[in-house]
Amino acid sequence: MYFSKLYAPTLREIPAEAEVASHKLLVRAGYIRKSSSGVYTYMPLAQRVLQKISTIIREEMNKAGGQEVMLPIIQPAEIWLESGRWNVYGKELFRLKDRHDRDFCLGPTHEEVITDLVRMDVSSYRQLPLMLYQIQNKYRDERRPRFGLLRGREFIMKDLYSFDREESGLEESYQKMYDAYTAVFTRCGLEFRPVEADSGAIGGSSSHEFMVIADSGEAAIVYCPECSYAANVEIAPCYPAKNEEETPLLLEKKLTPNKTSIDDVATYLGEPASKLIKTLFFQADDEVIAVLVRGDRTVNEIKIQGVQACVVFEMAAAEKIKEATGCEPGYVGPIGLKKDIKIYADEEIKTMVNAVCGANESNHHWVNVVPGRDFTVSEYTDLRLIEEGESCPKCGVVLNTARGIEVGQVFKLGTKYSNALKATYVDEKGQENDIVMGCYGIGVSRTMAAAVEQNHDDNGIIWPVQIAPYQVVIVPVSTSDQQIWQAALLLYQELTAVGIEVIMDDRDERAGVKFKDADLIGYPIRVTIGKRYIEENKMEIKKRWEKESSLVAKEEIIEIVKKTWQDSL
RNA sequence: CGGGGCAUAGCGCAGUUUGGUAGCGCACCUGGUUUGGGACCAGGGGGUCGGGGGUUCGAAUCCCUCUGCCCCGACCA
């Protein structure tokens, strides 16, 4: 491909709206343009990268036994009503009506559609197991689209659904997909880590997320340097720290004027934050609940939802808190609540002695509080967020922390959807059973953005060879010098002939412009042909991820390029 | 959904306070000089100043209203 013909308009200036590296660089380098908030056009370079990622995914899905299908994006409301998610999914679901006023939605995920398909055509155990997948656009009306392709409203996903006879079959399918995902991201040349994850609103028993490691990632993970343990902090279990043993003292109310935050109260009373009890109120459907954690800890809302099942879960409104405590937030505590509400407490609270908590009276806190003596807790359990420096639940070694971008997730769904939608099969004994399902997603467009987040420098993108839009760019320093131009042309033809994807920068631009664009676009290998070719018959080869270039003969160039390409496969 | 901000040429911005008929840099076109890390000179094209309504002799500028976009938070298979 000649650069002069390529539709890749690069920009010198960064669009004002771009926040993160992948967004800035993909826009600047001419890969994507925004159409509306969270919706992007993929231009030729992006399309090539997406195709490469998709090809790798297809190969691995097929290898694992998957069959590709294409499912509808426009989905009828009926099946969503049947699964119960039409009302649960909320505003995230893009809804629309047809001319007859019938309800539809744009698919954010395809459990309903695929289950509807399979229930029509699968009836016998002889047809199982089955794995179907698709790669196409999905839609979620995000409250706040951001970070370019990382959180869009329209995005490309691969999703595979597995259908098995029983749990053991699901276990096998799940493992196949786990392995396939590992192969996919390895082949994409990314540094990633599978972590244990929450299965969230999609339901199901077990789940792993595949995280591309990048400082800009939205997800925080912990992993063990010794054993294989790795988890999203959302679900990482915490062990209670030992609280100091003390002789319980008499409960006492203290004046704490205008001290509403943990830090303020701790400083004012001269106590460490770990001596305070943090009391938070949540709205769980129609019920208000109180949650207690040590003052220096953060509550983990995912864990709370694990003990208090509900559809809507959020921080309680101020008036609800007042109803429960008779007091403004800032001085609330578990002692003497107005209303009889459930109090969940983190395990660490149990052993606290002579603690501090709000008195449910403005400008007052209790000191020398002893849980169990001064108030009663409905349930003690692990409710806090894991912190830096805590131990591995498997082997006790101190965990490492990292940030990641979630590019894939695998779920064991069980029979949640097959049961709701009556997708059943008949076994050898003539017994009807629900099909056991799993679902497995990869964010294709997000993977492209994550690759950029992980692989870039100040000058631009540094594509892993496997997913680069082209592997090589040839830069003839002058297009008017026939000796240089002819050499470039010959190299171009020879590389193309061996299956290497090459861009020839044939533009009548200064060398500096071509170098800047080459770095920005991120071709793994750049070959420059200039004076040194005329003088010494040497070409310059530079790998995008290395600082130095080297001068070599043309024959070597071809060998180096071929080798680099093959090494990456 | 709460809070804040922005909307002027393809991109980045000034002009709005104090109304007088739209400008700068980059990009683009023409010609010339240049040519190894985003060149220089000269000339040129491109704007319903987000939409609608109002005030005024006159509105990018003041008022009302709608829409879009961005940031922080909350939320997030």
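For the numbers below, each heavy atom of this structure counts, side chains included, while hydrogens, waters and symmetry mates do not. To find a chain, count down the sequence lines: A is the first, B the second, and so on, and within it residues start at 1.
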Using a heavy-atom cut-off of under 4.0 Å over every strand shown, decide if A:Asp519 touches base, sugar-phosphate, or nothing.
base

Under 4.0 Å protein heavy-atom contact, by nucleotide of nucleotides 23-33 of chain B - B base, S sugar-phosphate only:
--BSS------

Output yes when A:Glu387 and A:Arg297 qualify as a salt bridge under the 4.0 Å nitrogen-oxygen rule, no when they do not.
yes

Any salt bridge linking A:Asp382 with A:Lys303? Criterion: basic side-chain nitrogen under 4.0 Å from a carboxylate oxygen.
yes

Report the residue (A:Gly512 or A:Ile302) whose heavy-atom-nearest nucleotide on RNA chain B is the more 5′ of the two.
A:Gly512

Verify whether the ring centers belonging to A:Trp80 and A:Phe94 lie closer than 6.0 Å.
no

Aromatic ring proximity, centroids under 6.0 angstrom, A:Tyr492 and A:Tyr2
yes

Separation between the P atoms of B:A9 and B:G46, rounded to whole Å
15 Å

A:Glu82/A:Arg119 salt bridge by N-O under 4.0 Å criterion
yes

If only side-chain N and O atoms count, and only distance matters, is there a donor-acceptor pair under 3.5 Å linking A:Gln409 with A:Ser207?
yes

Could you tell me how far B:G5 sits from B:C63 if I compare only their P atoms? Round to whole Å.
15 Å

Closest-nucleotide 5' rank along RNA chain B - winner of A:Phe515 and A:Ala16
A:Ala16

Who pairs with B:C40 - Watson-Crick or G-U, where each distance is under 3.5 Å:
B:G32

Contact class for A:Arg33 vs. all strands (heavy atom < 4.0 Å): base, sugar-phosphate, or nothing?
nothing

A:Ser37 side chain N/O closer than 4.0 Å to the phosphate oxygens (OP1, OP2) of B:G68?
no

Tell me whether the OP1 or OP2 atom of B:C70 has a side-chain N or O from A:Lys34 closer than 4.0 Å.
yes

